[in-house]
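Below: the structure, in structure tokens.
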There are 2 protein chains.
Amino acid sequence: MSGKGQQGRRPRADVQRNRAALLAAAQRHFLRDGVGASLEAVAKEAGVGPGTLYRHFPTREALLAAVLQTRSEELVARRADIAQLDDASERLRQWLRAMEEYFSAFSGLPEPLMAAARAQDPDNPLTLPCDDLITTTDEYLRAAQCAGQARPSVKGYDLFLAAISTAWISGTGATDEESLGRLRTLIESGYRERSDEE
Amino acid sequence: MSGKGQQGRRPRADVQRNRAALLAAAQRHFLRDGVGASLEAVAKEAGVGPGTLYRHFPTREALLAAVLQTRSEELVARRADIAQLDDASERLRQWLRAMEEYFSAFSGLPEPLMAAARAQDPDNPLTLPCDDLITTTDEYLRAAQCAGQARPSVKGYDLFLAAISTAWISGTGATDEESLGRLRTLIESGYRERSDEE
DNA sequence: ACCTTGTGCGGAGCCAGCCTCCGTTTTATG
DNA sequence: CATAAAACGGAGGCTGGCTCCGCACAAGGT
């Protein structure tokens, strides 16, 4: 009857240690080698066996989602900053940029994210974050549309696609920052309403 | 002194047969499984050993480039059709669409194409086709710009990026045709000149 | 028809990475 | 300190990429 209610035992100490070590190692490897990094190497660097890794994170996506959790929280924080801005168009613009940076956390990240966004597979731990992003994008977009600053024909999902594909290009490492900037401008001109002040 | 000049021998017959069988099998597998298809399976289906496959095509990219040759010729043919059109803007639009379809030949194709476009690596057999596409895009774009139908700030490479990223999204299979259509429209609005008839 | 030559064939074999299963170790608790 | 549950970790099966070398067979001469 004491402590954690129905759970008879307290959780073991090493499980937390291992989990933390795995996450740290995974982040390093994903940063260096992209989302396709060798999971065996991650386990070795964390000082655990492959079995332990797979017990904690049954799939690559699960590990990815866990590592991404930190970034996700950063994104939420940035959302608060963005909400302070006056101009709806500027809010949308900065939100898109923030989302793109989130997608660019690791090279190759857009691929599994798109796969998760596809089939609403509830087993895929990346599905939830994705849905949230799309919904948020739609909110910012609608605000801009009401202010007459974005075309009515555009949908939130379209801008999600635009942001993730820009991140994909960025992740291939084949393109300089200048070209990426022009591409972002092109997309922005694409969703902005034509008859516009500024 | 007859035939192929300095070459003493005529090329063997089985070489051509094997090459053709490999290309046919590779096309089938790339179509079904994307560019990451198992090369061993390709060799087996072609009725040859792995060694033979790798002698004909030392890398996956080489095989891909050879299979793509057919599509590349289709694209050249389409270019001739497009050149017939009156409107420079329409020519650009249709060229971009043709290029996107070329990129969508196999699932996952944009990835190695971008890698080839990156470093001008002369060893990569996909580099040449890519450069050609970018140059052609630039030509069509310049014509449209001279006709006042495209923004002067846009570059050919930007539209190449837009097309290949659209193809990437399409290849993930995560998006319906309707959303893709809206994305294309968005991009088109992005590069078109604002003060425009129609 | 048969030999000679050398080009091309093909599979055995090695490596890397994914993932699982189970005997062993570690940990919380009485 | 004893005990049982929980977690560990590595051996091992599997797939796929890629190489290397002995062998077979097609081309060309006699």
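Every heavy atom of this structure was used, including side-chain atoms; hydrogens, water molecules and symmetry mates were not. Per chain, numbering begins at 1; letters A, B, ... match sequence-line order. Just so we're clear, the structure is a prediction, and the values are computed from it rather than from any experiment.
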query = Taking CZ from Arg12(B) and P from dC23(D), how many angstroms apart are they, rounded to a whole number?
reply = 17 Å
task = Starting from the 5' end of DNA chain C, give me the residue, Pro50(A) or Pro50(B), whose nearest nucleotide shows up first.
result = Pro50(B)
note = Quick note, Ala13(A) side chain, CB onward, closest among dC8(D), dC19(C), dA28(C) is dA28(C)
request  = Quickly work out the Leu22(B) CG to dG8(C) C1' distance and round it to whole Å.
outcome  = 13 Å
query = Got a sec? Which of residues 34-44 of chain B come in under 4.0 Å of DNA chain C, heavy atoms?
reply = none
task = Anything under 30° is parallel, anything over 60° is perpendicular, the rest tilted; go ahead and classify Trp168(B) against Trp168(A).
result = parallel
task = Could you check which of dT29(C), dG8(C), dC8(D) has an atom nearest any side-chain atom of Arg10(A)?
result = dT29(C)
request  = Using whole Å, report how far CZ of Arg17(B) lies from C1' of dA26(D).
outcome  = 11 Å
message = Please say yes or no: joined through hydrophobic side-chain contacts below 4.5 Å, possibly via intermediate residues, are Leu31(A) and Leu109(A) part of one cluster?
response = yes
key: Distance below 4.0 Å between Asn18(B) side-chain N/O and dC9(C) OP1 or OP2   = yes
inquiry  = Distance check needed: dC9(C) P versus Arg19(B) CZ, whole Å only.
reply    = 12 Å
message = Would you say that Arg91(B) contacts Glu139(B) through its side chain, given a criterion of any heavy-atom pair below 4.5 Å between the two side chains?
response = no
remark   = Residues pairing under side-chain hydrogen bond (donor to acceptor under 3.5 Å, both in side chains) where one sits in residues 101-110 of chain B, two or more places apart or in two chains, turn out to be Arg78(B)-Glu101(B)
inquiry  = For Arg118(A), give me all partners under salt bridge (Lys or Arg N to Asp or Glu O under 4.0 Å), at least two apart in sequence or on another chain.
reply    = none
key: Any residue of residues 52-66 of chain B with a heavy atom less than 4.0 Å from an atom of DNA chain D   = Tyr54(B), Arg60(B)
task = Nearest whole angstrom, please: distance from the P of dG8(C) to the CG of Asp14(B).
result = 8 Å
query = Using the ring of each side chain (for Trp, its six-membered ring), is Phe30(A) parallel, tilted or perpendicular to Phe106(A), with breaks at 30° and 60°?
reply = tilted
request  = Please list, chain by chain and in numerical order, all residues satisfying side chain to side chain contact (heavy atoms under 4.5 Å, CB included) with Gln69(B), sequence neighbours excluded.
outcome  = Glu73(B)
remark   = Residues at least two apart in sequence or cross-chain that pass side-chain hydrogen bond (donor to acceptor under 3.5 Å, both in side chains) with Glu178(A), listed by chain then number, are none
query = Would you say Arg93(A) and Asp87(A) make side-chain contact, with heavy atoms under 4.5 Å?
reply = no
key: Arg9(A) CZ - dG30(C) C1' separation (whole Å)   = 10 Å
